[in-house]
Structures are given as C-alpha cells and as structure tokens.
Asker: 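First, the structure itself, so that you have it in front of you.
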Amino acid sequence: MIALLDCNNFYVSCERLFSPKLKNKPVVVLSNNDGCVISRSNEAKELGITMGEPFFKIKKITKNLQIEVLSSNYSLYADISDRIMSILKKKFLEVEVYSIDEAFFYLNNKSKNEIICSEIAKKILKWVGIPVSIGIAKTKTLAKISNRVIKKKSNYKNIKFKYSNVLEIKSDEDLDYVLKNTKVADVWGVGNRLSNFLVNNNIKSALNLRDSNEDFIKKEKGILIKKTIYELRNIKCYQIEKELPVKKSICVSRSFGSKIYDYEHINRALIVYVHKAVIKLIKNNLFCRSITVFLKTSRYDEKIYSNSKTYKLLEATCDIRLIWKISKDILKFLYVKAFAYNKVGIILSNFSQRKEIQQSLIGDKLKNTTVKNEIKLMNVIEKINKKFGEGKIRLLANSDHRFFYTDEEPRVSWQMKSAFRSACYTTNWYDIPKVKVK
DNA sequence: TCTGGGGTCCTAGGACCC
DNA sequence: TCTGGGGTCCTAGGACCC
C-alpha cells in the first residue's frame with residue numbers, strides 16, 4: 001500500500017508555530033510579490049477566500065473580516081518541511097519527498113496501516129507542531145484521493161472515519177462512492193485542459209473516468225491520462241521514487257515590485273537572478289551548456305510582450321562571469337523599448353557533471369579560466385554573503401569580471417513586495433524568538 | 001507523367017504538478 | 001496600481017541518416 005502525507009494548510013500552519021495569536025483566526029499567506037493567496041487557514045476558507053485569489057481584489061475584505069495576511073517566508077517553510085520529512089524517513093524505508101508539504105511512502109503491515117499512520121501523524125504534531133493528513137491506497141493517484149476525502153469530509157458523508165486525519169478506503173463500495181463524489185478535475189494529473197475535454201465527453205466524475213474507454217482517451221490526450229485511468233483501477237503505474245532525481249534545469253525569476261520600462265533597471269534585476277542561479281548550479285555540482293533569458297510584460301496588460309532566447313556554449317561552465325556576459329547580451333537582444341515589463345528570468349540547462357564535461361575541439365573563445373578556479377571563486381563569494389548578508393558582494397552589472405561590495409540596502413523598483421513577512425525563526429540567528437522567564 | 005521505407009535525434013510548446 | 005515561482009514530462013514535427 002502507498003500512503004500520502006500532506007500537511008494541512010502548510011504555510012499557514014508554519015506561521016502559527018511561532019505566532020500563537022494566529023491560532024483559531026482566519027489567516028492567509030500570499031505568493032511572492034504579495035500577488036495571490038496560496039495558503040489559507042480553515043477559518044479563511046470558511047469565509048470564502050479562494051485559492052489563487054489576487055490579493056488586491058480581496059484587500060478590503062481581509063480588513064473588514066479581520067483576516068490576518070502574511071507574505072510567504074520560504075526559508076521558514078523549507079526548514080519546517082525538512083523536520084517533518086526526517087521524522088518520516090526515520091520511520092519508513094522508502095520515502096519520496098514529493099513537494100514541500102507532501103510525501104509518499106510504502107506501508108507493508110496489512111492490518112495496521114491506519115494505526116501506524118495515525119501514530120506518525122501524532123508524533124509530527126507533537127515534535128514539529130504541524131497537523132498532517134495521511135491517505136492510504138494501492139496507487140499514488142488513489143492515495144491522493146483518499147487524502148482529499150479526509151480534508152473534505154462533508155462531501156463524503158457515507159464514509160465512516162476511524163481516525164480524524166488518516167483514511168484507508170477498504171471496501172469496493174466505499175471506493176466507488178468516493179470516486180463517484182469526486183469531480184474529474186480533482187483527480188491528480190487532470191488539469192484544466194484535460195478536464196474540459198473529459199467533461200465535454202460526459203466524463204464528469206472520477207468514477208466516470210475509471211470506467212471510461214482508456215484507448216480512446218489515450219489517442220486524443222496521450223499516455224499520461226491512460227496511466228491515471230489504470231491507477232484509478234488499482235493498477236500501479238507509478239512507484240515511489242526514493243532517490244532525488246538529478247536536476248535538468250535551474251530557473252530564477254521574479255516579478256518586479258512595479259512595472260519597469262527602463263533597460264538598465266531590468267539589467268540590474270537580472271544580474272541578481274543570474275547570481276542566485278549560478279550559486280544553485282554550484283551547490284548541485286553541475287555545469288551548464290545552455291543559458292536562456294526571458295523577458296515579459298504582465299499577461300493581464302493590453303500591450304503584451306514575451307520573448308526568450310537560448311545561447312548554447314561549446315563547453316559546459318559554471319563561471320558566473322561567462323554566464324553573465326551571455327545573459328546580458330541576450331537581454332539586450334530581447335529588450336524592446338515601449339513595453340511595461342513585469343518579469344525577467346534566467347534558465348540554466350543542458351547540464352553535465354564535472355567529470356563528464358566535453359572539451360570543445362575548437363575551443364570556446366568566451367572561456368578564459370579553469371573549472372577549479374570558477375568553483376573556488378563562487379564559494380568564496382557565497383561564504384562572504386552568508387556571513388555579511390545576501391547580495392553584499394556580487395558581479396558588477398556593467399562589467400564582465402569585476403565584483404563589488406555594497407553596504408547599503410537598495411530599495412529599487414524591481415524588488416519584490418513582501419510587506420507582511422514573518423521572521424526567519426529557525427534559519428537566522430538574529431531572528432530566533434526570545435523567551436521571557438518569570 | 002513518374003521519386004521508398006525505416007529509422008533516430010532534437011526542439012519548441014503544451015500540459016501538468018506543488 | 002496590484003494577478004507567484006520552479007519544476008518535469010510528453011508530443012508533434014523537422015532534420016537528418018542509410
């Protein structure tokens with residue numbers, strides 16, 4: 001059997017850990033740039049706040065209804081996630097960390113699955129303080145559905161729950177009932193496009209999908225949906241992937257705090273993202289051969305522009321000076337005056353490991369330093385930034401090789417909005433909560 | 001007038017996930 | 001005024017091979 005653990009309202013739950021005043025109150029957490037609602041407490045859900053709602057549309061409502069609003073604090077959430085995953089990995093051999101708040105794992109103990117899961121949920125609540133739900137089934141897709149049933153109990157009134165936060169659907173009648181009361185759009189792997197197609201073909205529930213003609217749907221929509229249909233029929237198509245897959249691309253991009261027309265400003269934003277991307281590259285021990293830069297306006301604007309370009313190197317690199325030089329050139333190519341830009345970003349891809357780097361026969365003119373030095377250089381910069389603060393030292397935007405150190409906190413137009421950010425309670429020495437003892 | 005059959009590899013774009 | 005960020009996989013079609 002496969003279990004899926006999912007943290008309840010994860011980001012909100014993390015915020016509540018260090019801010020007890022948020023308990024039992026309606027709370028929402030916003031996406032980067034304070035753009036959309038991406039996590040809601042049960043109280044906020046009851047007040048009708050929907051997932052993905054743009055914040056500016058509900059700003060007034062949150063004030064009137066006294067909903068607590070927070071910017072997202074990813075270093076906090078990542079750290080809390082690590083704690084939960086390590087508890088799971090200690091108890092179970094094969095754990096797949098599927099996302100920041102979800103994990104799949106195998107269960108072997110036929111009769112005791114629910115008890116075992118209930119105990120681990122209790123332990124996580126006690127040790128970390130985060131409430132979780134665990135759905136159990138034969139396939140990943142059904143474990144996902146099982147988990148969903150726990151969170152939407154009122155939609156599944158016929159199901160009798162032994163535990164409040166753990167569920168294994170055991171009988172065929174119960175499974176049919178659950179699938180019948182689950183919309184096809186709520187099945188894992190069925191997105192917007194697919195659900196429109198299915199509903200138009202009179203496949204409205206998960207039960208309809210399970211009992212549909214899989215060959216017809218495969219012909220129209222590809223192999224993935226056929227696997228989903230099999231999984232609904234209790235046939236495993238996806239195993240638990242214990243090993244972390246090797247990265248195939250690294251992307252860093254942000255929406256600007258406000259729109260930018262000016263090339264120079266975009267350039268200064270891009271170098272910060274390039275720096276972050278190269279740090280990621282080195283942390284993963286990778287070298288890239290493709291560098292893509294993209295530039296866009298908001299898709300909600302009247303005058304829309306979106307373009308990208310990829311440069312391919314002859315030899316893989318992790319040298320920020322080379323990567324920046326290329327990125328800068330691409331940006332120059334992409335930039336057109338007269339648009340109100342909203343976002344710029346860099347994607348590194350076409351990776352190789354150090355030992356597999358293919359040396360170019362004719363040599364890369366742009367390259368002028370050895371691999372060893374490239375890594376040494378970036379590690380020193382990373383160390384300095386860790387010690388003195390992020391972004392203190394980085395490559396000069398208008399130079400190919402000079403670095404600079406800055407002591408000022410720049411507040412410029414491209415910086416993200418993050419007006420309601422909580423402290424990094426567990427990842428920054430200065431933010432550790434102080435406790436008063438009477 | 002009339003021009004084969006069987007492959008591989010790469011890429012861009014679409015669709016999906018959290 | 002204001003609508004996230006970071007990924008993966010699949011597919012069709014082009015370009016190429018003999």
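Here is the naming used below: chain letters follow the sequence lines, and residue numbers restart at 1 for every chain.
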Asker: Regarding A:Glu168 and A:Tyr163, is there a side-chain donor-to-acceptor distance under 3.5 Å anywhere?
Answerer: no

Asker: For A:Phe55, answer base if it contacts any base atom (sugar-phosphate contacts may also be present), sugar-phosphate if it contacts only those atoms, and nothing otherwise; contact means non-hydrogen atoms under 4.0 Å.
Answerer: nothing

Asker: Looking across every strand, which nucleic acid part, if any, lies under 4.0 Å from A:Lys59 by heavy atom: base, sugar-phosphate, or nothing?
Answerer: nothing

Asker: NZ of A:Lys63 versus P of C:dC2: gap in Å, rounded?
Answerer: 19 Å

Asker: Remember a base hit wins even if backbone is also touched, and classify A:Lys248 as base, sugar-phosphate or nothing at under 4.0 Å, heavy atoms.
Answerer: sugar-phosphate

Asker: Looking across every strand, which nucleic acid part, if any, lies under 4.0 Å from A:Asp34 by heavy atom: base, sugar-phosphate, or nothing?
Answerer: nothing

Asker: Between atom CG in A:Leu4 and atom P in B:dC17, what is the gap in whole Å?
Answerer: 14 Å

Asker: Quickly work out the A:Leu30 CG to C:dC2 C1' distance and round it to whole Å.
Answerer: 12 Å

Asker: Decide if atom CZ of A:Arg233 counts as having more than 12 heavy atoms of other residues, nucleotides or ligands within a radius under 6.0 Å.
Answerer: yes

Asker: Just to be sure I understand the rule, does A:Glu102 reach a base, reach only the sugar-phosphate, or reach nothing, if contact means heavy atoms closer than 4.0 Å?
Answerer: sugar-phosphate

Asker: With under 30° as parallel and over 60° as perpendicular, where do the rings of A:Tyr341 and A:Tyr335 fit, or are they tilted in between?
Answerer: tilted

Asker: Taking atom P in both B:dT3 and C:dC18, what distance in whole Å separates the two?
Answerer: 23 Å

Asker: For A:Asn192 and B:dC16, give me the distance from atom CG to atom P, rounded to whole Å.
Answerer: 7 Å

Asker: Among C:dT3, C:dG7, B:dC18, which nucleotide sits nearest the side chain of A:Cys251?
Answerer: C:dG7

Asker: What is the distance from NZ of A:Lys417 to P of C:dG5, rounded to the nearest Å?
Answerer: 12 Å

Asker: Between A:Lys226 and A:Asp215, is there a salt bridge with N-O shorter than 4.0 Å?
Answerer: yes

Asker: Salt-bridged, A:Lys91 to A:Glu119, with N to O below 4.0 Å?
Answerer: no

Asker: Map A:Ile223 and A:Gly35 onto DNA chain C by nearest heavy atom, then report which one ends up closer to the 5' terminus.
Answerer: A:Gly35

Asker: Using a cut-off of less than 4.0 Å, is there contact between a side-chain N or O of A:Ser72 and OP1 or OP2 of C:dG4?
Answerer: no

Asker: Let's see if you can work this out: which of B:dC17, C:dT3, C:dC2 has an atom nearest to the side-chain heavy atoms of A:Tyr98?
Answerer: B:dC17

Asker: Side-chain N or O of A:Lys343 less than 4.0 angstrom from OP1 or OP2 on C:dG5?
Answerer: yes

Asker: Take atom CZ of A:Arg193 and atom P of B:dG13, then tell me their distance rounded to the nearest Å.
Answerer: 15 Å

Asker: Can you measure A:Met416 atom CE to C:dT3 atom P for me and round it to whole angstrom units?
Answerer: 14 Å

Asker: Pick the nucleotide of DNA chain C nearest each of A:Lys218 and A:Lys280; which residue has the one closer to the 5' end?
Answerer: A:Lys280

Asker: Determine, answering yes or no, if A:Tyr300 is stacked on C:dT3 under the 5.5 Å centre rule and the 30° plane rule.
Answerer: yes

Asker: From the list C:dG5, C:dC2, C:dG4, which nucleotide is the closest neighbour of the side chain of A:Ser31?
Answerer: C:dG4

Asker: Base, sugar-phosphate, or nothing for A:Lys144, non-hydrogen atoms under 4.0 angstrom?
Answerer: sugar-phosphate

Asker: Any side-chain N or O of A:Ser249 below 4.0 angstrom from OP1/OP2 of C:dT8?
Answerer: yes

Asker: In Watson-Crick or G-U wobble terms, both distances under 3.5 Å, what is the partner of C:dC18?
Answerer: B:dG5

Asker: Please confirm whether the shortest side-chain N or O distance from A:Lys247 to OP1 or OP2 of C:dG7 is below 4.0 Å.
Answerer: yes

Asker: Is the A:Tyr177 ring parallel, tilted or perpendicular to the A:Tyr156 ring (thresholds 30°, 60°)?
Answerer: perpendicular

Asker: Between C1' on B:dC18 and CZ on A:Arg148, what's the gap in Å once rounded to a whole number?
Answerer: 15 Å

Asker: Is the shortest heavy-atom distance from the side chain of A:Leu142 to the side chain of A:Leu232 under 4.5 Å?
Answerer: yes

Asker: Would you indicate, yes or no, if C:dG5 has its OP1 or OP2 atom less than 4.0 angstrom from a side-chain nitrogen or oxygen of A:Ser255?
Answerer: yes

